[in-house]
Amino acid sequence: MAYEFNRNQKDNTFVSTVANLAAGTNSATFDLEQIVGGDVSDIAVELIIPAEAGLSNDKVLTYTVKDSADGTTFAVLDPTIATTMTGAGGVGIAGKTVRFRLPPGCRQYVRVEQTVTATPGTLAGSYTFALLF
């Protein structure tokens with residue numbers, strides 16, 4: 001068993017629930033209150049994505065974690081942290097929960113960007129982005 005400082009505790013200050021939109025959307029921006037090189041690798045990102053029955057076949061929902069030095073201009077993390085879900089069988093997608101650790105080079109501000117391929121069908125669900133400490 002690995003030794004970890006992360007106890008997977010949620011702080012409601014760092015939880016954002018956002019509706020999935022055909023045009024895409026961004027979660028709230030969280031200030032990690034530190035610059036590059038702090039203890040960001042001890043912080044985990046949790047994405048809770050419920051089932052989305054209205055997602056058309058072969059349409060893809062993508063959730064990408066982005067960071068920023070100024071809280072305004074965001075870029076994809078390096079290495080990239082993302083997950084995708086593809087509609088299939090006329091029933092959309094099943095829900096899932098994923099967790100990622102932030103890389104050591106992560107900058108001060110983080111958020112999740114949700115995108116979807118064109119004409120996704122009817123999106124009625126939402127996703128939750130949380131930081132775990």
Side-chain angles (χ1 to χ4, degrees):
M1 181 155 112
Y3 292 99
E4 297 179 358
F5 294 104
N6 180 312
R7 295 178 297 164
N8 294 325
Q9 300 295 307
K10 283 186 187 174
D11 177 337
N12 286 336
T13 307
F14 297 102
V15 176
S16 172
T17 300
V18 183
N20 288 319
L21 299 176
T25 188
N26 295 316
S27 71
T29 298
F30 296 145
D31 184 348
L32 300 176
E33 299 178 3
Q34 58 190 355
I35 57 173
V36 172
D39 293 327
V40 295
S41 59
D42 292 333
I43 301 173
V45 170
E46 180 180 65
L47 287 172
I48 302 170
I49 307 162
E52 185 70 76
L55 186 64
S56 301
N57 287 348
D58 300 322
K59 299 304 177 186
V60 180
L61 276 172
T62 302
Y63 301 89
T64 307
V65 180
K66 294 190 169 190
D67 72 343
S68 171
D70 59 11
T72 304
T73 306
F74 285 82
V76 175
L77 284 170
D78 184 20
T80 301
I81 297 176
T83 188
T84 61
M85 301 173 77
T86 304
V91 295
I93 54 172
K96 73 176 176 180
T97 298
V98 291
R99 288 184 179 169
F100 306 97
R101 288 223 183 257
L102 292 175
C106 183
R107 296 179 293 174
Q108 183 174 354
Y109 300 92
V110 292
R111 73 179 183 196
V112 171
E113 177 184 82
Q114 172 260 310
T115 58
V116 65
T117 53
T119 59
T122 303
L123 301 177
S126 60
Y127 66 96
T128 299
F129 164 49
L131 298 182
L132 305 177
F133 300 93

Identify the residue among Tyr63, Phe30, Phe100 that makes a ring-ring contact (aromatic ring centres under 6.0 Å, His included) with Phe129. Phe30
Within the 4.5 Å heavy-atom criterion, are [X] and [Y] side-chain neighbours or not?
X      : Y     : result
Val110 : Leu32 : yes
Leu55  : Asn20 : no
Pro103 : Asp78 : no

Test your reading of the model: is there a side-chain donor-acceptor pair from [X] to the backbone of [Y], 3.5 Å cut-off?
X     : Y      : result
Thr25 : Gln114 : no
Asn57 : Gly89  : yes
Lys96 : Ile49  : no

For a quick test of reading the model, state the closest non-hydrogen atom pair linking [X] to [Y] and the distance between them.
X      : Y      : result
Pro50  : Ser126 : CD-O, 2.7 Å
Ile93  : Gly87  : CG2-N, 3.7 Å
Glu52  : Gly125 : OE1-N, 3.0 Å
Arg107 : Thr73  : NH2-O, 4.4 Å
Leu21  : Val116 : O-CG1, 3.8 Å

When rounded to the nearest 0.5 angstrom, what distance separates [atom1] in [X] from [atom2] in [Y]?
X     : Y      : atom1 : atom2 : answer
Leu47 : Arg99  : CG    : CZ    : 11.0 Å
Lys66 : Ile81  : NZ    : CD1   : 13.0 Å
Ser68 : Arg111 : OG    : CZ    : 8.0 Å
Asp11 : Thr13  : CG    : OG1   : 4.0 Å

Is there a path from Leu131 to Phe74 through hydrophobic residues (I, L, V, M, F, W, Y) whose side chains come within less than 4.5 Å of each other? no
Indicate whether the side chain of Thr17 and that of Thr128 have a donor and an acceptor atom separated by less than 3.5 Å. yes
When Leu61, Ile48, Val18 are each screened for side chain to side chain contact (heavy atoms under 4.5 Å, CB included) with Tyr127, the one that passes is Val18
Quick check on side chain to side chain contact (heavy atoms under 4.5 Å, CB included): which of Leu102, Val98, Leu132 does Val45 satisfy it with? Leu102
